[in-house]
Amino acid sequence: MEMRRRSDDDQPNEARERVARAREADELTPSASARTEDPVQMASDQPSAQPGALKLAADRAVVEPIVVPNMVWTSANPIAYGGGSTPPAITHLRELEEEDKSDNGRWGRFDIIPTKSDYVLDLIRLNSLWPLLSGLACCAIEMMSAATSKNDMDRFGMFPFRASPRQADVLIAAGTLTTKMAGPFLRLWEQMPEPKWSVAMGDCTTSGGRYKRSYSTVEGIDRIMPVDVYVPGCPPRPEGLIYGMMKLQQLIRERRGQWAERAVGPTVPQGI
Amino acid sequence: MSVLARPWSRLTPAGKVVLPLLGLLVFLTLALLVGFATGLIPGLIRFVGDLLGANIGIVRFVVAASAILLMSVPTAFVIIYMELKVIALMNLRLGPNRVGPWGSLHSIVHGLKVLGKEDFTPTGVDVPVFTLAPAVTFLAPVLGLLVLPFAPGLLGIDMNLALLYFFAVSGLSVLGLMMAGWSSFNKYSLLGGLRAAAQIISYEIPLTLAVVGVIMLAGTMSLNQIVMNQSGSILDWYMFKQPLGFVIFFIAATAEGNRTPFDLTEADSELVAGFATEYSGMRFGFFFFAEYVGVFILSALTTVLFLGGWNAPFDIDPVLNALGIRFDLALDLARLDVGLLFLLALGPVVGTLLIALPIWMLRSDWSFLKSLVIGFILLNVLLAAAVGVWLALSFEAVVGLGWFLVKTYFFVFLFVWMRATLPRVRIDQLMGFAWKWMLPASLVNLFVTALAIIVVSEVR
Amino acid sequence: MDLPGKGIFRGMALTLQKFFEPKVTVQYPEEQHDGGPKGRGRLILLYDEYGALKCETCFQCAQACPIEIIDMGGVDTKGRYHVHWGPPEQYAERREDSALRRSGRPVPDQSFVAYEAIDTAPLDRILADVDYDPRQMLTILERTQEAYGYLPIAAFRHISSTTGAWYAEVHGIAAALEHLRVEPPGGHVVGICRCPNCTLMGGGRLREALEAELETVIGGTSPDGRVRLVAESCHGESRLRPHLTVDGADQDDTTPAGATSLARRLRGHSRGRAQA
Amino acid sequence: MAQQTRVRSLDDPDVFVESPATIYDAVPPYPPRTEREAEFYHLRDGEMLINLGPQHPSTHGVLRVVLKIDGERVVDLDPVIGYLHRGVEKICENGTWHHAISNCDPLEYVASMFSEAMPVLACEKLLDLQVPRRAEYIRVLAWELNRIASHALFMGWLSLDLGGLTPILYGFIERDEIVEMLNALTGQRVLFNYLRIGGVNGDLNHDFMSRLGDWMSHAAEQVENQTKLINENEIFVGRTRGLGVVDRATALRMCATGPVLRATGIPYDIRRAHPYSVYNELEFDVPTREEGDSYARYLVHVDEIKQSIHIIDQVLHQMPDGTVMAKIPRWIRPRPGRAWVSIESPRGQYGAYVMSDGSDHPFRMRIRDPSFFNLSLVGHLMPGNLIADTMAIMASLDPVMGGIDK
């Protein structure tokens with residue numbers, strides 16, 4: 001299996017030399033000299049200090065690009081970029097593509113016989129999605145806003161926010177999930193009875209968003225629990241959440257949500 | 001064996017339910033055909049008819065009980081829809097509007113969804129008690145329905161101790177709530193169950209004492225008799241003879257039914273879902289239904305005791321007579337003879353066309369088929385309305401039932417309205433209100449009523 | 001002195017008034033908001049008529065982003081290098097697999113790697129024999145290993161989706177049991193002993209040399225898949241040299257240099273072959 | 001039923017064994033580490049611990065409070081915070097000054113126009129920068145609008161935690177109007193990222209002004225409507241009056257600010273005490289109450305909404321012409337030094353203490369969030385009250401977990 005870790009040896013010599021040359025040619029004052037001066041002066045004490053005497057720090061001025069050999073991505077148009085190796089095959093979707101009839105999308109591959117009653121059951125479920133009342137951060141305000149008078153989620157039968165996970169159908173993860181909150185949040189998900197769905201609302205829960213560089217946040221809740229619908233935005237408008245919930249309804253109707261084998265891990269197929 | 005077992009094991013749960021039902025249906029149809037062909041069925045019917053006729057009391061009880069059990073679920077659906085929609089409208093929202101006309105099927109969808117959820121028993125619960133609690137909670141209000149007089153002659157049992165029975169049975173619901181709270185292995189549930197015990201038992205006392213005035217006036221505990229005593233004009237209703245008792249009864253009934261502002265047992269913002277915190281699926285559905293059936297029976301009891309039950313607030317016959325309107329709808333269909341056949345055969349077709357054609361001509365964007373369907377539906381609605389009017393004018397019971405339901409649903413609306421407006425009281429305020437204000441007031445009401453009865457009888 | 005309940009009745013009158021007022025709800029899918037004059041929407045990368053991204057990977061947007069949220073990787077115009085822009089490395093998160101995955105770089109994690117497809121016909125026969133019963137998972141896995149020689153990832157997926165057992169469960173059973181292996185077996189098996197006696201006799205240096213040459217650790221397979229390095233026991237036989245076997249045969253030359261040349265020979269390197 | 005506690009044996013897959021029931025409790029799994037912990041987790045007869053949060057309908061986010069209760073009465077409590085710790089201050093120190101603006105946005109996510117002002121004002125102080133007057137007036141306009149939106153939510157939340165369904169929806173109607181207005185101005189509904197070092201991002205536009213005009217025509221009436229529902233409601237008054245009384249000494253000792261402090265009778269408002277921006281040119285009252293209970297805090301909020309409407313009216317009349325951005329260098333590098341800035345947010349004194357080493361990023365940034373100090377009053381207020389009152393007290397302190405945990 002082809003695996004390679006990024007190390008300095010992998011970088012081609014030209015690139016390293018280019019970065020080194022850029023460093024040498026940088027005329028900015030090194031940061032060390034800026035820090036030797038006494039930085040502790042109350043600004044309010046000396047309001048007339050000259051702004052022209054600003055010292056420049058170089059350590060953050062140049063952000064060097066990370067350069068590694070291209071092994072993954074190739075263009076769809078080989079003429080444009082001179083060709084490359086074939087992209088990796090997406091294997092775990094192949095079985096689905098063979099049977100694209102929506103009625104059999106979920107059951108056919110498991111050799112299970114669906115009846116019309118299952119279809120009716122799905123119609124019933126998608127019109128009565130009760131979200132769990134659990135806000136995490138900023139997006140919770142917009143989640144509540146989606147349920148209130150202006151954008152009324154109740155029109156789709158989604159309003160009765162249940163406070164107890166035992167009675168909820170959808171877990172809307174609204175807001176940043178921190179590592180400290182991850183355990184309780186996962187327990188909430190496990191306490192919900194099947195069939196259940198989850199919606200990742202906002203950038204923080206889809207990918208880590210603006211806090212992906214923090215030491216204390218979970219980079220996307222798909223790392224700890226399965227996700228059916230992602231609603232990006234920081235935060236998304238309430239209409240965005242309603243659109244996501246309508247997408248969830250569509251997934252349920254087409255029997256594509258709630259995989260039997262859904263697991264924690266990347267939901268985006270390889271190669272995209 | 002595996003030829004049958006493999007497909008069976010591959011069926012989804014819903015399929016496993018529906019398929020045997022289909023088989024049963026086919027079997028029953030065949031059996032009926034065979035039975036009629038061989039003459040077995042008529043004989044059986046005659047035999048069973050004789051048997052039932054001999055034990056008419058038991059039959060009446062069984063029929064009433066099953067009718068009421070069947071009736072309770074649609075009642076709950078209607079009230080859930082009312083709650084969803086009325087609160088939404090009061091919040092300046094539209095409320096559910098996607099399933100059915102004006103979203104009227106949303107409550108049914110919620111109910112059926114709950115039926116399809118995973119039935120989950122958490123670790124550590126007291127399993128038998130946990131399982132029984134929803135049933136007890138649901139049965140308590142449903143049993144109360146048995147003695148309610150809906151219309152003249154339309155009631156389960158005309159018991160002479162109906163009121164006592166009613167309070168005894170509806171008091172059972174607190175047992176269910178306590179069982180749920182205690183067995184759930186959850187501190188929130190425990191607090192909810194204990195609150196339920198304290199609250200409902202406290203409010204039983206003013207509730208019962210407020211009714212004693214009515215009992216003294218009516219001289220009976222039979223609900224049917226109480227309603228009959230209120231017949232006549234609107235001033236005969238006990239609401240005007242017992243204003244204080246009426247207010248006390250209504251407030252205590254709100255507390256008894258765990259409705260806002262006294263919904264402490266299922267306080268969403270305090271105890272996550274109160275006694276129902278650990279319940280999922282249909283077991284939670286039972287609590288859900290029980291609450292709304294409870295609302296219905298408390299409204300119905302208020303109507304029966306204080307608003308004259310099925311009695312109309314005014315007599316419509318003198319008005320109609322004064323206006324010279326007379327209904328004589330005694331159709332003698334036999335006189336039509338062959339015309340009846342033509343009516344049955346051609347009536348629907350002609351009626352549908354008569355309604356569909358104008359629609360089709362007015363709406364250029366509708367196809368003729370759609371107009372036909374709309375016309376057919378409209379025709380049926382009109383026919384149903386006509387039949388309803390005919391029934392209402394012909395049978396007293398239907399009018400009575402109409403008045404009864406109007407009054408009852410007014411109180412249901414009042415409950416929902418209060419829920420939309422009021423915050424929740426605190427447990428010590430709740431108990432203080434019961435013991436410091438409601439109990440003395442109901443005692444005062446009792447004495448004043450007794451005094452009034454004596455005075456009136458002396459004057460006479 | 002107000003009448004008791006006056007505030008309650010005022011509130012209820014207000015809600016009843018609102019009951020009849022026109023509603024403020026905007027029915028979303030039918031009526032849509034235009035986003036406003038300064039609305040910030042979604043960032044979209046454009047594609048040209050050949051289906052290639054129009055993005056030139058100039059990193060200007062990434063530099064301008066106020067919260068440094070744009071984390072972009074792409075291929076330079078010659079198609080040779082995969083260049084990547086992100087904020088400076090903090091808290092070692094750049095090496096995390098999700099960061100690698102987002103930036104399009106290879107991920108050193110089995111579960112995130114696209115697995116190779118297999119011919120599932122033998123596996124289907126095995127599964128049909130046990131009637132797709134997840135309780136007989138051990139049987140399924142053992143017979144699958146017999147059929148394929150090892151347990152491919154695709155087989156796990158297939159077993160999981162047909163029997164209904166969780167993927168993690170299947171993988172967990174396979175990982176927990178020693179006689180099941182998830183990698184193709186190497187051509188040769190090199191066994192060394194790690195008991196104190198052998199270590200005293202120079203087994204440590206021998207192991208270091210073997211691991212360096214085979215580019216794997218004990219229990220693994222060399223990257224070309226030809227040699228597997230396993231732990232064996234010398235069963236307490238007192239000898240004056242460490243215990244080393246190749247395909248079960250005891251070896252005499254147990255110096256580190258000898259082991260190196262042995263490993264090279266087994267891997268088929270030219271120098272080792274010339275020496276042999 | 002019993003099947004669920006039975007798991008397959010590891011030795012023999014056909015044998016089922018009883019698994020030990022996993023019982024989640026509020027008691028930590030380790031022995032007590034401090035005297036306080038030992039005292040708190042020692043339960044006397046009849047007492048029990050109950051875990052309020054981190055997911056609970058009325059903890060306003062992910063606050064967790066371990067309550068020690070005796071029946072319904074709270075004996076002691078142990079608030080646990082940190083479930084929303086995102087390391088904002090550290091992230092701010094790793095980005096440039098411009099980056100810090102939007103990184104500070106989600107701190108106070110109900111009124112983010114205030115938290116995003118922190119790096120802006122601090123950097124302007126370090127740069128000794130004169131902001132155009134039109135920009136200052138637009139900032140005041142945006143702040144006051146956001147204050148009204150936040151207060152409208154406060155009134156709804158307090159009522160929701162007391163069990164009333166409707167006021168929060170009326171509050172959200174008002175907030176939605178304001179937020180859509182700010183969306184027209186800034187391009188976002190919640191995290192505006194509108195203030196810039198040296199001004200604001202973009203002048204007032206026509207869409208914003210027309211929405212603002214619409215709203216101003218019925219703003220006072222809308223506040224009246226919302227207060228009519230609960231202001232004199234006997235149940236609401238009965239549950240909040242005399243509840244959670246903070247006396248002045250405690251409030252001052254615990255560094256409470258904002259409506260919590262003003263409800264005890266101390267007219268301390270940063271806008272008046274240390275005027276910043278153009279607040280010294282505007283006329284407004286600082287509403288105070290003497291009682292210091294939850295009801296007084298609620299009334300202070302109501303009065304502040306009216307004052308904010310008054311301020312907005314003045315701002316619209318006095319709005320000067322001109323540019324909305326000062327001339328600033330492209331790469332901002334303030335002189336080395338330290339600065340302390342503070343403004344009056346809907347929850348109290350929002351402050352930032354910033355150190356600069358002369359580079360293009362803050363060397364150290366420390367945010368003072370009023371919710372944290374206001375919330376720390378719960379230790380004084382809750383013991384002795386009922387469980388239902390804890391919700392009323394917590395809602396009347398109006399904490400926002402984003403700022404508390406940072």
Side-chain angles (χ1 to χ4, degrees), chain A residues 31 34-35 37-51 53-61 132-142 144-145 147-151 161 163 165 175-176 178-181 184-185 187-188 204 210-211 213-217 234-235 237-238, chain D residues 24 54-57 60-62 64 82-88 90-91 94 96 102-103 105-106 109-110 112 122 125-129 153 168-170 172-173 175-177 179-180 183 188-191 329 331 333-340 355-361 363 401-402 405:
Chain A
S31 64
R35 289 210 177 114
E37 296 174 9
D38 179 21
V40 184
Q41 289 174 327
M42 287 297 284
S44 47
D45 294 343
Q46 299 179 339
S48 60
Q50 290 180 359
L54 294 172
K55 296 293 182 190
L56 305 178
D59 56 340
R60 307 189 52 84
L132 178 65
L133 179 55
S134 77
L136 292 173
C138 329
C139 290
I141 304 290
E142 290 296 78
M144 291 175 75
S145 187
T148 50
S149 308
K150 182 77 179 299
N151 340 18
F161 271 109
T176 320
T178 57
T179 44
K180 186 171 183 179
M181 187 62 198
F185 199 70
R187 201 189 297 167
L188 280 182
C204 295
R210 64 168 70 197
Y211 294 113
R213 284 170 291 128
S214 173
Y215 50 84
S216 63
T217 55
C234 191
R237 290 180 62 89
Chain D
Y24 296 108
Q55 187 263 335
H56 189 275
H60 293 210
V62 284
R64 174 176 164 223
Y83 285 95
L84 194 50
H85 175 63
R86 303 181 278 200
V88 171
K90 193 71 196 164
I91 290 176
N94 283 320
T96 64
S102 68
N103 279 328
D105 242 334
Y109 46 76
V110 182
S112 62
K125 199 164 181 179
L126 285 169
L127 283 171
D128 203 11
L129 195 68
L153 276 200
I168 181 115
L169 291 148
Y170 293 172
F172 256 107
I173 292 173
R175 175 191 176 266
D176 250 317
E177 282 187 34
V179 157
E180 284 296 340
N183 178 42
Q188 242 290 8
R189 277 169 56 98
V190 174
L191 311 178
W331 284 89
R333 296 181 175 86
R335 65 188 166 78
R338 304 187 288 190
W340 161 256
M355 277 175 73
S356 165
D357 62 349
S359 64
D360 62 344
H361 61 283
F363 179 71
M401 293 316 291
D405 291 339

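Lettering follows sequence order; numbering is per chain, from 1.
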Nearest-0.5 Å distance, OG of residue D:Ser356 to CG of residue D:Leu126: 5.5 Å

For D:Arg175, side chain to side chain donor-acceptor pair (under 3.5 Å) partners two or more places apart: none

Among the listed options A:Asn151, A:Leu132, A:Ile141, the residue most often paired with chain D at heavy-atom distances under 4.5 Å: A:Ile141

Option that, when pairs with chain D are counted at under 4.5 Å, heavy atom only, ranks first among A:Pro238, A:Ala137, A:Ala163: A:Ala137

Derivation and outcome, side-chain contact (heavy atoms from CB on, under 4.5 Å), residues A:Tyr211 and A:Thr178: CA-CA 10 Å; A:Tyr211 294 113; A:Thr178 57; over 6 Å; no

Contacting region of D:Leu169 [heavy-atom separation from chain A under 4.5 Å]: both

Proximal component of A:Pro235, with respect to chain D [non-hydrogen, under 4.5 Å]: both

Segment of D:Val179 engaging chain A (4.5 angstrom heavy-atom cut-off): neither

A:Thr176, part contacting chain D, at a heavy-atom distance under 4.5 Å: both

Best-contacting candidate, D:Gly87, D:Pro57, D:Pro106, against chain A by heavy atom pairs under 4.5 angstrom: D:Pro106

A:Ala140 portion near chain D, given a 4.5 angstrom heavy-atom threshold: neither

Value rounded to 0.5 Å, distance of NE2 in D:His361 from OG1 in D:Thr96: 10.0 Å

Check: A:Met144 and D:Phe172 side chains under 4.5 Å, non-hydrogen atoms: yes

Partners passing side chain to side chain donor-acceptor pair (under 3.5 Å) against A:Glu142 (at least two apart in sequence or in another chain): D:Arg189

Test item: A:Thr179 side-chain N/O and A:Ser216 main-chain N/O as donor-acceptor pair under 3.5 Å: yes

Under 4.5 Å from a heavy atom of chain A, the part of D:Glu177 involved: neither

Chain A contact via D:Asn183 - which portion, at a heavy-atom distance below 4.5 Å: side chain

